[in-house]
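Some notes on the structure that comes next.
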Number of protein chains: 2
Amino acid sequence: MSNPPASGENQSVARALSILDLLADSPEPLGVREIARRLGLPPSNVQRLIKTLTRAGYLEQADATLRYAIGYRAFQVGNAFVGQTSLVSAVMPELYALADEHITGFLGVMRDRSVVYLATVQSEGPVAINHRPGHQTHLHSTAMGKALLAEMSDEAVISLLGSDPLPRITQSTRIELPQLLADLAEYRKLGYSYSDEENRQGFFSAGAVVRDATGGVVAVLSGAVPAVDLAADARARIGMRVHDAAQRASRKLGAPTPRAFGHPAG
Amino acid sequence: MSNPPASGENQSVARALSILDLLADSPEPLGVREIARRLGLPPSNVQRLIKTLTRAGYLEQADATLRYAIGYRAFQVGNAFVGQTSLVSAVMPELYALADEHITGFLGVMRDRSVVYLATVQSEGPVAINHRPGHQTHLHSTAMGKALLAEMSDEAVISLLGSDPLPRITQSTRIELPQLLADLAEYRKLGYSYSDEENRQGFFSAGAVVRDATGGVVAVLSGAVPAVDLAADARARIGMRVHDAAQRASRKLGAPTPRAFGHPAG
DNA sequence: GAACAATGTTCCATTAAGTGGAACAACTGC
DNA sequence: GCAGTTGTTCCACTTAATGGAACATTGTTC
């Protein structure tokens with residue numbers, strides 16, 4: 001059972017990161033031998049890697065002295081991903097404003113062909129959309145994802161998503177590429193994207209991108225409401241509302257003249 | 001310049017983690033050679049470690065193809081620290097409720113002789129307390145920290161904080177241990193802790209611990225308001241309010257009979 | 001309460017894998 | 001155009017990581 005390190009990489013570090021990945025996805029803490037078993041590594045090796053990770057605070061003992069879980073240092077370091085205070089401080093007030101209007105607001109970025117959630121501000125009421133920070137969802141089924149896709153050219157979208165079939169999340173999910181591209185064309189005209197129960201039954205959401213001083217897309221913002229009793233004009237109203245919030249956040253970040261929606265080449 | 005690995009640890013992993021630590025604390029992305037210089041390591045070594053970290057998503061190129069910053073995978077993994085959905089889903093509604101009453105709410109845990117912030121819900125108004133998740137503050141100057149200390153015995157507090165002098169944060173900070181212990185005794189009777197501009201000029205905050213089903217302390221909750229125009233009875237009112245919020249969250253986590261404040265031996 | 005089967009941890013010979021100096025290439029700005 | 005960066009690759013050396021085995025602990029079962 002040889003497992004040579006990838007070219008130009010470091011085997012020990014790769015293994016240590018796989019331990020972090022494993023524990024991050026595990027709902028409960030795991031012991032040394034259990035981890036070793038799942039990763040196909042000798043316990044003595046895992047033991048040493050864990051000791052290093054623990055001493056640095058990236059792991060910690062869950063209970064008295066048994067199994068291990070992700071440590072506080074990983075949390076601190078990970079939150080540095082959000083980076084410069086500017087993005088969050090520009091967007092969070094907008095999310096709170098949305099919540100005041102009974103719209104649950106989300107902030108996310110595109111990574112790894114997915115949307116990664118950075119923050120959520122729940123609206124009052126029975127709306128229980130609980131996407132923890134770090135949660136990953138599909139690009140093609142969410143308002144956030146589709147707002148990001150609408151920024152790209154059709155060719156870029158195809159080369160990004162064309163390799164695998166689009167998974168169906170709900171009955172309304174766009175699983176055909178042409179259908180999705182048609183949506184994107186509409187969003188470019190509208191100035192916002194939306195997802196009508198395409199990712200979660202019973203919820204309508206709209207999305208719009210946030211730009212920084214260079215004019216590049218730095219994040220995407222969305223707002224969600226229950227889909228029941230929602231007239232067609234209400235959808236447009238929410239779309240405009242989210243669009244405005246994203247515009248305001250972008251302006252706060254020093255984005256240049258609020259240009260037309262769509263990719264630069266358009 | 002020899003730098004042998006600590007006993008029973010892994011040198012490569014320790015170095016990789018030091019890269020993460022460095023980039024997490026750096027306000028801007030850093031290049032390979034810059035990192036190598038700051039850590040006292042050869043660039044070729046750093047290069048390989050970075051490649052491994054990048055391929056796993058723990059680092060990513062900031063701009064076109066220049067310097068490196070913390071990656072999205074670190075964010076995702078780090079957020080697993082918050083762990084079981086139960087804690088957050090039990091506490092967040094309480095924080096939102098506080099915000100409705102113009103109290104900015106915080107959630108934190110004790111780690112490494114400090115309070116680590118997990119979440120914040122800002123109240124409306126001009127209150128701009130912006131403690132990003134992962135932020136670390138002192139135990140002795142914050143309401144959250146003092147609520148945690150009040151759970152320990154005086155001896156435990158002394159052995160925890162007695163080694164170093166307590167740093168002065170504001171003019172009101174308790175920098176004398178006996179003074180701090182007197183505070184803690186008061187909090188045990190009150191059922192909540194408070195910090196009267198001891199950590200931040202102009203802000204009063206109160207704190208109370210959250211317990212899980214085993215009765216152990218799993219987190220601490222606090223609420224902050226501007227200190228101006230705050231009558232003495234208002235302080236008590238906010239303290240009780242925060243105490244109630246913590247109680248409710250604890251009950252939601254299945255905590256046993258709301259027992260008296262104070263450490264078990266008391 | 002003894003026998004069992006897990007567990008976490010340490011030890012140590014083997015050698016594979018990490019190390020770091022040097023060389024190369026690409027870029028920047030004087 | 002030159003000088004000082006930078007990121008990246010190469011490769012001989014040997015350090016430092018590896019993994020099997022032995023040991024120590026726990027908790028479970030009969």
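Below, chain A is the first sequence line, B the second, and so on; all start at residue 1.
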Restricting to nitrogen or oxygen on both sides, can you table the protein-nucleotides 5-7 of chain C pairs closer than 3.5 Å?
residue, atom, partner, partner atom, Å
C:dT7, OP1, A:R37, NH2, 2.9
C:dT7, OP2, A:R37, NH2, 3.3

Is the distance from OP1 or OP2 of [N] to the nearest side-chain N or O of [X] less than 4.0 Å?
X	N	answer
A:R15	C:dA17	no
B:N10	D:dT18	yes
B:R48	C:dT19	yes
B:Q47	D:dT8	yes

(message) With rounding to the closest Å, how many angstrom separate the P atoms on C:dA26 and C:dC30?
(response)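 Pairwise P distance, C:dA26 against C:dC30, rounds to 23 Å.
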(request) Can you tell me, in whole Å, how much space there is between the P of C:dC27 and that of C:dA23? (result)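 Pairwise P distance, C:dC27 against C:dA23, rounds to 23 Å.
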(message) Just verifying a value: how many Å separate A:Q247 CD and A:R211 CZ, rounded to the nearest 0.5 Å?
(response)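 Output value for this atom pair is 8.5 Å.
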(message) If I take atom CG from residue B:N45 and atom OG from residue B:S12, how far apart are they, to the nearest 0.5 angstrom?
(response)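 The OG atom of B:S12 is 7.5 Å from CG of B:N45, to the nearest 0.5 Å.
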Specify the separation, in whole Å, of atom [atom1] of [X] and atom [atom2] of [N].
X	N	atom1	atom2	result
B:Q11	D:dT15	CD	P	12 Å
B:I50	C:dG20	CD1	C1'	16 Å
B:R67	C:dC27	CZ	P	16 Å
B:L49	D:dA16	CG	C1'	14 Å
B:N45	D:dA16	CG	P	11 Å
B:L41	D:dT15	CG	P	18 Å

(message) With a 4.0 Å cut-off on N to O distance, would you call A:R73 and B:D112 a salt bridge?
(response)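 Judged by the 4.0 Å cut-off on N to carboxylate O distance, A:R73 and B:D112 do not form a salt bridge.
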(request) Please work out which of the three classes, parallel, tilted or perpendicular, describes the rings of B:H131 and B:Y117, given edges at 30° and 60°. (result)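 Tilted.
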(request) Using a 4.5 Å cut-off on heavy atoms from C-beta on, say whether the side chain of B:H140 contacts that of B:P167. (result)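 They are in side-chain contact.
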(message) Both A:V13 and A:S44 contact DNA chain C. Which one's nearest nucleotide lies toward the 5' end?
(response)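 Result of the comparison: A:S44.
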(message) Closest-nucleotide mapping onto DNA chain C: is A:S12 or A:K51 further toward the 5' terminus? I mean the 5' end.
(response)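 On the 5' side of the pair lies A:K51.
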(request) Test side-chain hydrogen bond (donor to acceptor under 3.5 Å, both in side chains) on A:Y68 and A:E60 and set out the steps. (result) CA-CA 5 Å; A:Y68 291 86; A:E60 54 192 39; over 6 Å; no
(request) Can you spot which of B:L107, B:V88, B:N79 makes a side chain to side chain contact (heavy atoms under 4.5 Å, CB included) with B:L118? (result)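 Of all the options given, the one that passes is B:L107.
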